[in-house]
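Notes follow once the structure below has been shown.
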There are 2 protein chains.
Amino acid sequence: MPTPEKIIYDPNPPVDPRVETLVNELIGRVADKWTLLVLEELEDHGTCRFTELSRRVPGISQKMLTQTLRQMERDGLVVRTVHPVVPPKVEYCLTDLGHSLGEAFCGVWVWAEANLERVARARMAFDARG
Amino acid sequence: MPTPEKIIYDPNPPVDPRVETLVNELIGRVADKWTLLVLEELEDHGTCRFTELSRRVPGISQKMLTQTLRQMERDGLVVRTVHPVVPPKVEYCLTDLGHSLGEAFCGVWVWAEANLERVARARMAFDARG
DNA sequence: TCCCTATACTCTCCAAAAGAAAGTAGGCAC
DNA sequence: GTGCCTACTTTCTTTTGGAGAGTATAGGGA
């Protein structure tokens with residue numbers, strides 16, 4: 001006999017599971033540490049060059065910056081403009097979509113700033129409990 | 001002679017760089033794929049047991065679920081309640097802090113749902129350009 | 001002439017993180 | 001005894017990430 005498959009009452013509105021999967025994937029893609037930090041820099045400083053970003057985003061490697069920017073470009077979050085000069089000059093800026101994502105993340109930045117202390121205290125308490 | 005250290009005008013309000021570093025760290029910690037998905041499940045379904053979560057969060061391994069829950073507990077986002085019975089029973093639920101983070105992320109879920117199509121189209125266009 | 005600089009990558013190598021799968025504890029039903 | 005149940009660990013393999021060197025090209029200086 002197959003597993004009887006418990007019926008659990010779900011108080012939430014029925015959502016197409018395929019949409020949910022896609023949303024989860026997109027969240028996983030976009031809620032990435034480096035994507036967030038790059039997004040924030042471009043929000044704050046507008047159009048930036050590659051080296052400028054690598055200086056501004058603390059701790060990012062060139063490899064990850066390139067990779068992150070490519071993915072963001074593919075997802076339609078940034079535009080990449082190449083100026084055919086020597087030495088090379090490439091500029092990145094947010095699209096409307098990228099900007100709207102930045103706004104969506106605004107609440108998280110505010111939360112982080114507001115709750116730094118609480119998290120720090122929670123960690124100390126946890127670590128003290130062993 | 002040391003590098004002359006270009007002076008760039010920064011239009012943003014001066015923020016203590018130490019605070020910024022801490023916020024960045026916290027964002028990196030909290031804006032993690034699995035943390036987000038677990039947070040969302042606990043928001044939607046309230047208190048959950050370990051196995052329930054591992055069933056609900058698509059694709060998570062037991063190792064990552066344990067690890068994610070531990071970190072969330074350390075950060076004060078969830079409470080872990082052990083019922084000393086056999087077989088073991090452990091329940092997880094969000095704290096106020098966890099709940100507030102869930103609300104902060106709400107905008108991102110809404111954004112993802114609203115912009116799935118745009119991202120999909122952007123990707124197709126990008127891939128078509130080669 | 002040769003060398004150096006600047007920029008935006010790209011490549012290679014190694015360490016760290018994540019995933020898959022099997023193992024563990026310890027009562028309980030059979 | 002055998003096997004089951006849950007919430008983990010442990011081990012092993014694969015993937016990912018970071019450090020650092022290499023690349024192309026034009027202009028400037030010795």
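Since we're looking at a predicted model, the values are computed, not measured. Convention: sequence-line order gives letters A, B, ...; per-chain numbering from 1.
The distance from atom CZ of B:Phe50 to atom C1' of D:dA7 is 6 Å, rounded to the nearest whole Å.
Separation of atoms CD1 (B:Ile60) and CG (B:Leu69) is listed at 7.0 Å; rounding is to 0.5 Å.
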Reading nucleotides 14-30 of chain C from 5' to 3' and marking B where a protein heavy atom lies under 4.0 Å of the base, S where only the sugar-phosphate is that close, and - otherwise, the string is ----BBB-B---BB---
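A 4.5 Å side-chain heavy-atom check between A:Arg29 and A:Thr35 finds at least one atom pair inside the cut-off. For the pair A:Tyr92/A:Thr47, no side-chain contact is recorded, criterion being any heavy-atom separation below 4.5 Å from C-beta on.
Overall, the helix from C:dT1-D:dA30 to C:dC30-D:dG1 carries an axis bend of 30° between its ends, with five pairs at each end and the value rounded to 10°.
For A:Arg70 and C:dC9, the shortest distance from a side-chain N or O to OP1 or OP2 is below 4.0 Å. For A:Thr51 and C:dA8, the shortest distance from a side-chain N or O to OP1 or OP2 is below 4.0 Å. Residue B:Arg49 places no side-chain N or O under 4.0 Å from the OP1 or OP2 atom of D:dC8.
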Return all side-chain donor-acceptor pairs below 3.5 angstrom for residues 113-124 of chain A, not counting sequence neighbours, or 'none' if the list is empty.
residue, atom, partner, partner atom, Å
A:Asn115, ND2, A:Trp111, O, 2.9
A:Arg123, NE, B:Asp75, OD1, 2.6
A:Arg123, NH2, B:Asp75, OD1, 3.1

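The aromatic rings of B:Phe105 and A:Phe105 sit perpendicular, their planes meeting at an angle over 60°, well past the 30° parallel limit.
At a threshold of 4.0 Å, the pair B:Arg56-B:Glu52 counts as salt-bridged, since one of the basic side-chain nitrogens sits closer than that to a carboxylate oxygen.
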